[in-house]
Amino acid sequence: PYDQLDGRPNVIVDGAATEGTVMTGGGLLMTSRDLARLGRLSLDSGRVGDRQVVPREWMGTSTTTQVSVDDDRAYGYLWWLKAVRHGGRAHASHFMAGAGGNRVAVLPGLDLVAVVTSENFGRDDAHDLTEQLIVEHVLEVVMRLAQRVLVLNFGELIAEGPPDAPWMEGARAGAAITKRPGCFGT
């Protein structure tokens with residue numbers, strides 16, 4: 001179970017089916033960080049560090065169309081599939097969606113997991129609001145950062161600019177590249 005991935009309980013179950021099995025259609029109470037871990041597990045094809053905890057083939061199958069819902073959406077196994085549009089580009093995504101607009105969105109092409117927790121219960125537009133938040137705020141920032149280079153000195157931002165700015169060559173020469181694309185740090 002997921003709660004054994006890092007040796008501490010992460011999932012609190014709020015309800016069980018009459019047979020004693022967990023009802024996974026709802027009732028799971030998880031933190032945003034724990035939800036992000038599930039998204040990261042999907043993004044990493046079932047791996048946590050150097051351990052394959054969910055078969056890679058299953059992760060691929062579960063995020064592949066099993067049923068077409070409409071022109072924009074499909075469903076895999078426990079994942080919704082939809083291209084998210086931003087700036088004239090479509091970004092493939094798969095996501096978990098919960099009541100009130102809760103969502104764990106995975107955008108593999110951007111190496112991105114976005115978690116939105118919401119309490120828009122009873123609203124017909126709850127999921128639309130969540131998608132709008134992801135597109136207009138999360139993707140807007142991610143795409144803007146992808147077009148900029150940040151130069152950090154011990155965590156302090158000392159320069160920012162487009163990757164082709166002439167002064168960036170000197171900044172790159174004296175900086176160590178961090179794991180975050182578009183970021184340099186010393």
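If you read the sequence from its start, that first residue is 1, and numbering goes on from there. This is a predicted model, so every value here is computed, not measured. These numbers come from the heavy atoms of this one structure, side chains and all, not from hydrogens, waters or symmetry mates.
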Return the set of residues passing side chain to side chain donor-acceptor pair (under 3.5 Å) with Arg73 (not counting sequence neighbours), or none when no residue passes. Asp70

Residue set satisfying side chain to side chain donor-acceptor pair (under 3.5 Å) with Arg47, at least two apart, ordered chain then number -> Gln52

With rounding to the nearest 0.5 Å, note down the distance linking CG in Leu81 to CG in Asp72. 12.5 Å

Where at least one partner belongs to residues 90-102, residue pairs that pass side chain to side chain donor-acceptor pair (under 3.5 Å), sequence neighbours excluded: Ser42-His94

Counterpart residues, side-chain contact (heavy atoms from CB on, under 4.5 Å), relative to Tyr77 (two or more places apart): Trp58, Thr61, Ser62, Gln66

Determine which pairs satisfy salt bridge (Lys or Arg N to Asp or Glu O under 4.0 Å) with at least one residue from residues 129-139, sequence neighbours left out, and list them in order. Lys82-Glu131, Arg103-Glu131

Same hydrophobic cluster for Met96 and Leu43, using side-chain heavy-atom links shorter than 4.5 Å among ILVMFWY? yes

Applying the 4.5 Å side-chain criterion to the ILVMFWY set and letting contacts propagate, would Val54 and Val48 be lumped into a single cluster? yes

Taking only residues two or more places apart in sequence or in another chain, which ones pass salt bridge (Lys or Arg N to Asp or Glu O under 4.0 Å) with Glu140? Arg144

What residues form a salt bridge (Lys or Arg N to Asp or Glu O under 4.0 Å) with Asp125, not counting sequence neighbours? Arg123

Side chain to side chain, Phe95 and Val104, heavy atoms closer than 4.5 Å: no

Show me, pair by pair, the donor-acceptor contacts under 3.5 angstrom made by side chains of residues 114-121, not counting sequence neighbours?
residue	atom	partner	partner atom	Å
Ser118	OG	Gly100	O	2.8
Ser118	OG	Asn120	N	3.3
Ser118	OG	Asn120	ND2	3.0

Identify the heavy atoms of Gly98 and His127 that sit nearest to each other, and give their distance. O-CE1, 2.9 Å

Check: Leu139 and Arg85 side chains under 4.5 Å, non-hydrogen atoms: no

The criterion is side-chain contact (heavy atoms from CB on, under 4.5 Å); which residues satisfy it with Asp71, sequence neighbours excluded? none

Going from CE on Met59 to OG on Ser45, what distance comes out if it is rounded to the nearest 0.5 angstrom? 7.0 Å

Single-linkage hydrophobic cluster, 4.5 Å side-chain cutoff, Val135 and Leu110 together: yes

Smallest separation among heavy atoms of Ala83 and Ala90, with atom names: CB-CB, 4.0 Å

Tell me every residue that passes side chain to side chain donor-acceptor pair (under 3.5 Å) with Arg89, counting only those two or more places apart in sequence or in another chain. none

Keeping the roles fixed (side chain from Thr31, backbone from Asp34), state whether a donor-acceptor pair exists under 3.5 Å. yes

Could you check whether the rings of Trp80 and Tyr75 sit parallel, tilted or perpendicular, using 30° and 60° as the cut-offs? perpendicular

Side chains of Met30 and Leu38: closer than 4.5 Å at any heavy-atom pair? yes

